[in-house]
Amino acid sequence: MKTYSIAAIPGDGIGPEVIAEGIKVLNAAARLHHFTIEWKQYPFGADHYLATGEVLTEQNLAELARHDAIYFGACGDERVAPGILEKGLVIAIRMYCDQYINIRPIRLLPGIESPLRDKSARDIDFVVIRENTEDFYVAAGSRVSTKCQHDSLRVTRKLYTVDFAIDVQHTAESMAYQIGLVTAEGIRRAVSYAFKLAQRRRRHVTLIDKANVLTDMYSLWREVSREVAAGFPDVSTEYMLVDAAAMWFVRSPEMFDVVVAPNMFGDILTDLGAAIQGGLGTSAGANVNPEGVSMFEPIHGSAPPLKGLQKANPIATIWAGAMMLETIGQPEAAASVMRAIERNLERGRVRTSDLGGTATTSQVGDDIVECMQPN
Ligand code: IPM
Ligand code: MN
């Protein structure tokens, strides 16, 4: 029997509660489809950081990358300054494993009502491909505390290295800067992925940027995208500024099939996408390296006020788990999990409070297991 080794990082806040349901449902899918998953649980997150002073070591990263996939809950805790866990954990894994694609399906599942009046499941069904290693996420920046400062900043990726030597002199009270960068290689691999995906869908790609203001970065983004698009004559292409895209997500979501966006705009737009598909409780994401190890997670964060209350909706995490099964080579098991989620929602009896129900996190997990049937 085929066995997969998967690293589970439940993390902070509601992370452990939702990951527990994800593991429960994926184990049921594995039994049904005759494979096994060997879970290795890792304690990374706020508690681990507070106890050891370390978020993740190089050695931890190397160990995580030896699994077939990584299943991640959430990170963020009020005892730890913003950025430490996010950058030290999620971003560190994305960059270390070179997970250059972030896939976020924006699909209104049956039985869920969109906050958009008059929009149904037919209208809300697209995928956002977010470039996941560049842009303003390269962590190159500085707080300039003196009037004169020299910074040496380095960005290392599997594909390239970039060094900045920056001399800053200023007359402001204090200042800070943050560098965004994109490369031809980085843009090409993300945009190509989006076009290939579109060929399996409705063959339309919307490219997001802010080329009217951030002209340097996003003129390169458009140039490379145009080259990629030329290789896919069967796919139609549209360029859209991010602010306009935010409006169209709400007004006419049906116009989108595959949306491809630079890292930060993709981050913001996918929270909006989550809202139109009924909320963060049912929105999933995958950080994918098509040639390497990928990580799967709900889009929502750790939601500290809900921690330990069994109120969090586990569907986002279970959906992310289905994406994981598909990626590791079990598409039928993935389909079973998706159908079980849909059955749970259609029956509508066992729901958490974000969907108007009174069920606990683990009751929803149990019901989804019950809804699972052979294909
Ligand atoms: C997301 C999150 C992360 C991001 C944080 C937790 C680093 O908001 O996955 O969208 O900004 O990418
Ligand atoms: Mn986000």
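Note that ligands are numbered from 1 as they come in the structure, with each ligand's atoms numbered from 1 the same way.
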Out of D366, T360, I368, which one pairs with V364 under the side-chain contact (heavy atoms from CB on, under 4.5 Å) rule?
I368
Over-ring placement of R157 relative to Y100, 6.0 Å and 45° cut-offs:
no
H67 ring center near Y42 ring center (under 6.0 Å):
yes
For the rings on F72 and F44, is their centre-to-centre separation under 6.0 Å?
no
Examine distances only and state if a side-chain atom of W221 and a backbone atom of I208 form a donor-acceptor pair shorter than 3.5 Å.
yes
Please verify whether a non-hydrogen atom of R94 lies at under 4.0 Å from ligand 1.
yes
Return the closest protein heavy atom for atom 1 (C) of ligand 1 as residue, atom name and distance.
R104 NH2, 3.4 Å
Among F72, Y137, F136, whose heavy atom sits nearest atom 4 (C) of ligand 1?
Y137
For H300 and ligand 1, answer yes if some heavy atom of the residue is under 4.0 Å from a ligand atom, otherwise no.
no
Protein-derived N, O or S atoms lying less than 2.8 Å from the Mn ion (ligand 2), waters not counted, sum to 1
Of the protein's non-hydrogen atoms, which lies at the shortest distance from atom 2 (C) of ligand 1, and what is that distance?
D267 OD1, 4.1 Å
Closer than 4.0 angstrom: is that true for some heavy atom of R130 and an atom of ligand 1?
yes
Can you confirm if the NZ or CZ of R226 lies within 45° of the ring axis of Y239 and under 6.0 Å from the centre of its six-membered ring?
yes
For E86, counting its heavy atoms only, list the atoms of ligand 1 lying under 4.0 Å from any of them.
6 (C), 7 (C)
Flag, side chain of D257 to backbone of R202, donor-acceptor distance under 3.5 Å:
yes
Measure up the F256 and F126 rings against each other and bin them: parallel (under 30°), tilted (30 to 60°), perpendicular (over 60°).
tilted
Between E86 and G83 (side chain of the first, backbone of the second, donor and acceptor by atom type, cut-off under 3.5 Å), is there such a pair?
yes
